[in-house]
Structures are given as structure tokens and as C-alpha cells.
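Below, chain A is the first sequence line, B the second, and so on; all start at residue 1.
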Amino acid sequence: MELNPQQRRAAEFDDADVLVLAGAGTGKTSTIVARVAHLVRRDVDPRRILLLTFTRRAAREMRHRLGRQIGADVAKRVPTGTFHHFCLQSLRRWPEWFHCASLTIIDRDDQLQLMKLARAAVIGKDPTFPKSGELANYYSFARNTNRPLKEYLDEFTSHEPDCVARIEAVLKDYGARKQQCKYFDYDDILHLFARQLHRDPVVRQKLQRRYDHLLVDEMQDTNPLQWLILDGLREPAKLFCVGDDAQSIYAFRGADFQNVHAFTERVPGASVLKLEHNYRSTQEILDLSNWLLEQSPLKYDKRLTATRGSGSKPVRVEVDDDFEEADWITRDLMQRHEGDDPWRDHMILTRSAWAARGVEASLIEHEIPYRFIGGTQLLQSAHVKDLLSLLRVIHNPSDQLAWMRYLTQWPRIGEKTAATTINQLLTLTEPAQREDLLSKRFSNQPRLAESITECVAVWASVPDVIATAADKLTPLLERKYDDWDRRQKDFKLLKRLAKKHATVADFLETYTLDPISESEASNDDQDDAVTLITVHSAKGTEAPVCYLIGVQPGNYPHVRSIGDEQKEEEERRVLYVAMTRAKNELILTGTVRSRGAFVPHHNRSFQGGSGQPFFLSSMPDNLCATDLDFETDFSDGPILSFRRP
DNA sequence: TTACGTCCACTTTTT
DNA sequence: GTGGACGTAA
């Protein structure tokens, strides 16, 4: 791969820690890959290069590109993954360093369930008190920014002091429950790793000795907790961090672009390099993106120039509602496909997974193959959770949420019955005792205990365990779900996935940390497909043709961020990231008015007719073309009555 | 205690 | 269009 002088200088910079400021499309990934290649050429052991990314998708892409560049065999030896993945692997590999022999990783859903229990126990019923989702966010944010909970609550929320105290009490209870069930939430993975790294000099030394080079992608999205990890691991290892402050879109997770801005203060002697030539997009696409950024009160000091030169202008398509939007996009896609453009050249970007459902329905209806990235996850669907609860209670008998789920799926067992049974179960230490209790307590439903016994019997074989569990629970689930035919297919998929794993524990853990989306799993043999993706997941990717849906007031900036300048600016960067994904063509679709758009209560006052802020409302006409042929496209469609509500 | 009907508020982004 | 809260019948 050919590098330009700036990229080469970065990739081959040998003397010190480096921060590379790389604008969108300036060959960030190529440069990181080239650096790994350079290091390997210099006889650095591939296992001593740690390559950290922010999302799983970026990690996958990086592994892929690395494989092509330095060969799959060498690439496989370079530890590459997300912060969470790396930390969890370390925890598993050296449990004695971290004092964590057995634990169950819980996902956001479980976290919310547990939070709900804590909230109910401490607060009881109080509709005015923050909901479990909000509480979970507080808890997570405080930990990711490495602040004491109280300090964070005082500074970032407007709750009264007594309310703050009650929040603290709930979160404390949540922590206790977590410990009791031997649960680890996502933040615990990073937190435990970072804590031991900074607390125990012996552990720190052992970890520091393992790596010579730390390569970090998307540095602007790292949060203070992740910085603690990097800071603890560096020296003698060298840092090579790549980032772009204009693409920082994870402040809601505690991302702190001081990790970029204050880099040279924190890492004495570090060098800062810049990549400024955009190789991805045409100038017209960059003109629009540059304009958007220039409107910001923040100074990004960034103007991207296209090395590829000129192309066609971005197109703005104004529609009446999201049905028309979906219809327009599928028609346009089909036209292009007939003109011999492969499906895979097209990416549809959405602000939220929820907002994409109209387009998704239309794609299905017109039988256009697609992959949805960031959508409903396979393991989040109810019937899969039902099945997994059976495996989870065997794997970790302290897993109270799984017990609750497992027990209440049987007829005539509700929350109360399950809760008292769980309390009894927790006092028992032997699996046989538990099975005994269950078969006696629910003698009218022998299958409840039997299912456990039979799964335990085949525990050594993951596919057998899944098959047994599915067999045992099918009659139950068939009655529970009226769309069982559709859901049943997922069990086949689970059986297929099961073959890849040596132990049930590994199987459960992999898909908690790395949940595959439904369409991703079922279409993995399908490689020519349109990509439907959230903007957040799309960072670092690109496509020749990009459709950006929902570009309308209420979405950019999102209603929930209106009134808070920092949040609004983050929204601007979200739109910026979305625009700069396009290589040749950028198509922005959205409704003209925010008719029918959902506006939450607390933001109603901001809406005032046309007063809703919208980033493109002052856009100069020459930056975009509008789609004038649009009306005639619809001449064969049904006539919509003006009396339509 | 469980199961089911009805009304209500709510609907961002990821590990 | 859905999940949670609440009331009521079995």
C-alpha cells in the first residue's frame, strides 16, 4: 500500500510516543496498519504490539486489513480488540492477579433488571424518582469518568441533595446485588483491570513488561477510565494514538477529548503529527462537511481537501413522511442495482436504530439483501434469553436474574413463587441439592428440574447442551409466543454458533460481550448486501454511495440534546461523521417539517412552530442539489387523499 | 398468587 | 407500536 509522506512519517516514527491527528478519510486505518507492518519489519514480536479499538466493528476491520498487509499468520498474533475485550482476556488469563476466579458478564438488559430490583428495594414506588435506566447511566458515567458518584451527581445532575442521597443508596444496593450474584457489568471489566494496574505494583510491572507498543484507534472517544489503562500500561511501551476531535461522538459514555487535547502534557516528550489529505470523498462532499463544522462555535481548525478532486454534489431529498423516505431509497437502490452497481456499494446511515425500521421494512418487502449493524441483537430477543437462562443457572447458580427468568417461564410460577424459591436455592451449595429442591417443590412440573439435570449430563458438549435445552423448552415456548415459527429459527442458529465454542461458559460470555445482530448472523453467507447502520457504528467505515436518513429538525440536533450546547455540538459531530462516510455520492433524506415527529414533554417548549433548531436550515443552496424528478417518480403509486389524517 | 385486560407515557448513540 | 403500572377475575 502506498503511503503519502505524512502517513509514512507517522507509521515509521520510532523515537517517542505519538499522537496522530487524523481528519476523516485521511487514511487513519492504513496508517495504523502500516505502523504494525513497520514494527514487525523491525523485528518487534507481533505479540508485543497491543492494538486497541473502540468498537468491535473497528477491531474486526483492523484485523482484516492487517491480515492482508502482513499475512494472516502474523496478523493473528497481534492482540487486537476493544478495550473491553482486552481487559476481559487479561482477567481470564491471570485471575490470580485480579482476584476474580468465577464471574458472569451481564449485558445492559440484565443491568437494568438488577437496577430495577435495587430501586424497588430502596425506594419502592415513586414515579418522580429517576427510572432504572437513568440510574444505570449515572452509575456507568461516574465510573467511566473515574469520579466519585456524589461528585458526579452534584455536578452533572440537578437533583436535590436528599434525592442525591437516595440515588447513592440505590446504586450502593445495586453494587451489593451485583456482588452477591457474582455479576460483572461492562464497566467492571475495565474498572477492575485499571484498579489492579494502578494499585498493585507487581501486577503493573508484569503487564507493562508484556508490550512494547500500544496502538490506539479513535483516541477522541476514549474516556478517563480507558486513559488510566493506557497510562498504566505505557512505559516502557510506546503510545501511538490516532484521533480526530471533530469526530468525537461518545461524550454520553464519558469520552473526554482532553485525552487528545492534553496529550502532550500528560505524556512528556510526545510528538504530534497530522494527516490532512482526504482520500475518501469528492470535494463536493467535503465542502458540505466543512461548512457544517465551520458553523460551530467550537474551533475545530479543520478544512478537509479532497485529493480525488471533484465529483457530484450531495443531494437533498425532501419527503413528506418516513414511508415516502423508505420508498424513495429502495427505488433509488433498485435503479442503481439494475445499472450494475453491487448492493455492497451502498450504505444507509441512521441516527438511531429505531428510526431505521421503516427503511428496513421496505428493504425486506423489495427483497433487497441487507445487513443491519447496531440493530436488535439476537441474544436480546425474549425467546433466546429464555433458553439461555437455563444454561446460566447451571453455569452460575448465584445468577438470580437467570433463575427468575427460568422459573417464571413455567406455568403457574410467578414472581413471588420464584423469589422464595431462589432464596432457598441460594442457601444450597451442591447442584444435586438444588435439583432435588426443584423437583420436590415443583413435583407437578417434573420437566422443570429434569431440563437442568439433562443439560448438566451433556455439559461437556456445547451443541448438545443447546439442543437439549431447546428440546426441553420448546413445548413451553410454543405456547408462550404466538409467532413461534419465526422465533424457532433462531434456535437453529444458536446450535450452529454453539459448534464454535469449547465450553458453555465461553459460549455465553462471547455473545454477551459481542452480541451479533440478527441479520448479521443469518446473512453471514450473504456478502453482497446493502449496509444499514447507525452513525455511531459507522465510524471508520465508508461506502461509495451513502444515504443519510432522517436529516430533519428534531434529529440533527436530536430533540433530547436541544438546549445544552455541549450536547448540541456533539450532535453536529454525529452529522459530520455521517457525511464524511461517503466516497462518491451523498444523499440526505428527511421530512421538510417535523410533522409527526416525536417531541418529549420536557422539550415541548423548544418546539415553537418552525423555531426548532436544525443544522442545515441555513445551508447555502449551492452546496447541495435537490431532487427535482422526485414527484414524477411516483406517478404510478397510489393517490394519497388530502383528507388523510 | 397468577394471568390478563386496559390505560398511559415514552421512543439516542455502545461496550 | 411497546412496555410498564394498575386493577380485577380466577
Exercise for the section: Can you sort out the partners of A:Arg92 under salt bridge (Lys or Arg N to Asp or Glu O under 4.0 Å), two or more places apart, ordered by chain and number? Expected result: A:Glu509
Exercise for the section: May I have all residue pairs that pass salt bridge (charged side-chain N to carboxylate O under 4.0 Å, His left out) and include part of residues 249-260 of chain A, sequence neighbours excluded? Expected result: none
Handout entry: Nearest-nucleotide comparison on DNA chain B, the residue closer to the 5′ end among A:Thr408 and A:His85
Key = A:Thr408
Rounding to a whole Å, what distance do you find between [X]:[atom1] and [N]:[atom2]?
{"X": "A:Gln89", "N": "B:dT15", "atom1": "CD", "atom2": "P", "value": "16 Å"}
{"X": "A:Lys131", "N": "C:dG3", "atom1": "NZ", "atom2": "C1'", "value": "13 Å"}
{"X": "A:His84", "N": "B:dT15", "atom1": "NE2", "atom2": "P", "value": "9 Å"}
{"X": "A:Glu134", "N": "B:dA9", "atom1": "CD", "atom2": "P", "value": "18 Å"}
{"X": "A:Leu112", "N": "B:dT15", "atom1": "CG", "atom2": "P", "value": "16 Å"}
{"X": "A:Asp109", "N": "C:dG3", "atom1": "CG", "atom2": "P", "value": "11 Å"}

With [X], which residues qualify under side chain to side chain contact (heavy atoms under 4.5 Å, CB included), at least two apart?
{"X": "A:Pro95", "answer": "none"}
{"X": "A:Thr82", "answer": "A:Thr53, A:Arg56, A:His84, A:His85"}
{"X": "A:Ala118", "answer": "A:Val170, A:Asp173, A:Tyr174, A:Arg177"}
{"X": "A:Glu365", "answer": "none"}

Practice task
Could you pick out which residue, A:Arg412 or A:Gln113, lies toward the 5' side of DNA chain C when each is mapped onto its nearest nucleotide?
Solution key: A:Gln113
Show each protein N/O and nucleotides 7-9 of chain C N/O combination with a separation under 3.5 Å, one pair to a line.
none

Handout entry: Residues which pass side-chain hydrogen bond (donor to acceptor under 3.5 Å, both in side chains) with A:Gln196, listed by chain and number, not counting sequence neighbours
Key = none
Completion exercise
Hits for side-chain hydrogen bond (donor to acceptor under 3.5 Å, both in side chains) against A:Ser90, two or more places apart or cross-chain, chain-then-number order -> none
Exercise for the section: Map every base of DNA chain C to its dot-bracket character, where paired means a Watson-Crick or G-U wobble contact with both distances under 3.5 Å and | marks a partner outside the strand. Expected result: .|||||||||
Problem - Pairing residues for A:His395 by the ring-ring contact (aromatic ring centres under 6.0 Å, His included) criterion, not counting sequence neighbours - result: none
Exercise for the section: Determine yes or no for a side-chain-to-main-chain donor-acceptor pair under 3.5 angstrom, with A:Asn396 supplying the side chain and A:Cys181 the backbone. Expected result: yes
Protein and nucleotides 12-14 of chain B: nitrogen or oxygen contacts under 3.5 angstrom:
residue: B:dT12; atom: O2; partner: A:Arg351; partner atom: NH1; Å: 3.0
residue: B:dT12; atom: O2; partner: A:Arg351; partner atom: NH2; Å: 2.3
residue: B:dT13; atom: OP1; partner: A:Ala353; partner atom: N; Å: 2.8
residue: B:dT13; atom: O2; partner: A:His536; partner atom: NE2; Å: 3.3
residue: B:dT14; atom: OP1; partner: A:Thr534; partner atom: OG1; Å: 2.8
residue: B:dT14; atom: OP1; partner: A:Ser537; partner atom: OG; Å: 2.9
residue: B:dT14; atom: O2; partner: A:Arg253; partner atom: NE; Å: 3.2
residue: B:dT14; atom: O2; partner: A:Arg253; partner atom: NH1; Å: 3.1

Practice task
Please say which of A:Gln113, A:Gln111, A:Lys116 ends up in a side-chain contact (heavy atoms from CB on, under 4.5 Å) with A:Ser132.
Solution key: A:Lys116
